[in-house]
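Since the model is a prediction, treat every value here as computed from it, not as a measurement. Every chain is numbered from 1, with letters handed out A, B, ... down the list of sequences.
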2 protein chains.
Amino acid sequence: MAAEYTLSTDRHSRLNEQESFKSLYIVRSGSFKTTISASNGREQVTGFYFPGEFIGLDAIHHQSYRSTAKSLESSTVCELPYKMLQEIGKEMPQLQIQLLTRLSKELSNDKSLMLLLGKKTSDEKLATYLLSLSKRFKDRGFSATDFQLSMSRGDIANHLGLAVETVSRILSRFQENGLITIAGKVISLKQVKNLEDLCG
Amino acid sequence: MAAEYTLSTDRHSRLNEQESFKSLYIVRSGSFKTTISASNGREQVTGFYFPGEFIGLDAIHHQSYRSTAKSLESSTVCELPYKMLQEIGKEMPQLQIQLLTRLSKELSNDKSLMLLLGKKTSDEKLATYLLSLSKRFKDRGFSATDFQLSMSRGDIANHLGLAVETVSRILSRFQENGLITIAGKVISLKQVKNLEDLCG
DNA sequence: TAATCACCATGATCTAGATCATGTTCATGC
DNA sequence: GCATGAACATGATCTAGATCATGGTGATTA
């Protein structure tokens, strides 16, 4: 449905920015990160997006994009002009409900992320993060234990409110302790149960 | 509209919990905080809600409440059964769009909160928090500079990922520096410009 | 009017994780 | 093949803010 609009992006290309809101995007292939920036230039990675997920839901309200999406590898998206969605939605309440549900899901995830950012230690943050990625891949029909980290250590660190060095160190330690194996971007979860215990 | 369902709550009474999702709520008077808890018991205050704001939007997706809402003073809400909203929504697409917009707004606020939790110093957190409260009161037609903190220092601290002591100290210091005056729950912003500069 | 309890303020100390410093690995281009 | 630069790893040091400790204040109940 509505797949007539597509947009392909190279590695590290930007999808949208400060401009006025016209469309939502669904990731078709690849992956993206979204960031917002404070007035002093500091940036926060607010989320990672994989195929099937919506980008831009937080812009509906302001009618302008508050976040910037960047592709983490070469990726494609499907553009959904919001006006069109509204038109279709009038005849298909089911579509509106679907949109509502997606928004609600992202909201709920973000609340969990607040718990992560506010209350967890760095070990807990990493363990929780790895398991959340695992779940997302599993839901998508991929391996829950072996996957690629398309984002850099820096992106992970930023997203979790940590320093890059901390992420490096903890991943190394997790590997020493046999919880995972990791080589560059390729990671394999070896002791899911123990990782779960680490989440708190 | 749909105001036939109301529910009044005493100070510190709970609105909902772990139960299955049936309704959204609009705050009619007073204020609420919502929390989620980690398996180890740690709690995170995920938001504060004032009159006109929706509680429960993050439950639509899971069809069960993930967060608990507690009133911070004696408060009333208006219950909106979700089934009913869906029915009405079929004839009134405008209602669905309104809901979508509210959800999008909360999502966008939560992204900003991530920036707050992940990247800001304790001073920046407090200043940002006070100004965000200020804006919400102003939008509601109340004073942007003189208002009551219905939540405790502990709630603020938890919400911002700080220790209570830190919040106390910073509020005291803000007062020493003439940025605010504060006595118990009554606060007055004296140098809004300087507070804005502090936000980063 | 005293007792109890939640909330708040503030000083002293401690520590998780940031920052700094240095080296390595790996990809891309010439 | 070698140069350049980004991303990653890891040790040494430092610090913002947590934690610990103590006392005050104000509301509620007996």
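Atom CG of B/L171 and atom P of C/dC8 are 10 Å apart (whole Å). Between the P atom of D/dA7 and the CG atom of A/D155 lies a distance of 9 Å, rounded to the nearest Å. Taking atom CZ on B/R173 and atom P on C/dA9, their separation rounds to 14 Å, with Å as the unit. Between the P atom of C/dC8 and the CG atom of B/L149 lies a distance of 9 Å, rounded to the nearest Å. Atom CD in B/E176 sits about 7 Å away from atom P in C/dT10, given to the nearest Å. Spacing between atom CD1 of A/I187 and atom P of D/dC8 amounts to 12 Å, rounded to whole angstrom units. If you take NZ of A/K33 and P of D/dA7, they are 9 Å apart, rounded to a whole angstrom. Straight-line distance from the CZ atom of B/R42 to the P atom of D/dA18: 14 Å, rounded to whole Å.
Between atom OH of residue A/Y25 and atom CZ of residue A/F32 there is a gap of 10.0 Å, rounded to the nearest 0.5 Å. In this structure, the separation between CZ on A/F174 and CG on A/N194 is 10.5 Å, given to the nearest 0.5 Å.
Residues of residues 116-125 of chain A having a heavy atom closer than 4.0 Å to DNA chain C, listed by number: A/T121, A/S122. A heavy atom closer than 4.0 Å to some atom of DNA chain C occurs in A/G161, A/L162, A/A163, A/E165, A/T166, A/R169, these being the qualifying members of residues 156-169 of chain A.
Ring geometry for B/F137 versus B/F50: interplanar angle of 30 to 60°, hence tilted.
Side-chain contact of A/T166 with A/S122: a donor-acceptor pair under 3.5 Å is absent, judged by distance alone. Side-chain atoms of A/T76 and A/S29 form a donor-acceptor pair, as typed in the model, at a separation below 3.5 Å.
Residue pairs meeting the side-chain hydrogen bond (donor to acceptor under 3.5 Å, both in side chains) criterion with at least one partner in residues 124-140 of chain A, sequence neighbours excluded, are A/E53-A/R136, A/E53-A/R140, A/K120-A/T128, A/T121-A/E124, A/E124-B/R42, A/K135-A/D139.
Clustering of Ile, Leu, Val, Met, Phe, Trp and Tyr side chains at separations under 4.5 Å places B/I36 together with A/L115. Taking Ile, Leu, Val, Met, Phe, Trp and Tyr as hydrophobic and joining them when side-chain heavy atoms fall under 4.5 Å apart, one finds A/V186 isolated, its cluster having no other members.
For B/K185 and C/dC7, the shortest distance from a side-chain N or O to OP1 or OP2 is not below 4.0 Å. Between D/dT10 and A/S172, a contact under 4.0 Å exists linking OP1 or OP2 to a side-chain N or O.
Put simply, the side chain of A/L133 does not reach to within 4.5 Å of the side chain of A/F48, judged on heavy atoms. Put simply, the side chain of A/Y82 does not reach to within 4.5 Å of the side chain of A/S23, judged on heavy atoms.
End-to-end axis angle of the helix from C/dT1-D/dA30 to C/dC30-D/dG1, from C1' rotation axes over five pairs per end: 40° (rounded to 10 degrees).
Between A/D58 and B/K111 there is no salt bridge, since none of the side-chain N atoms of the basic residue sits less than 4.0 Å from a carboxylate O of the acidic one.
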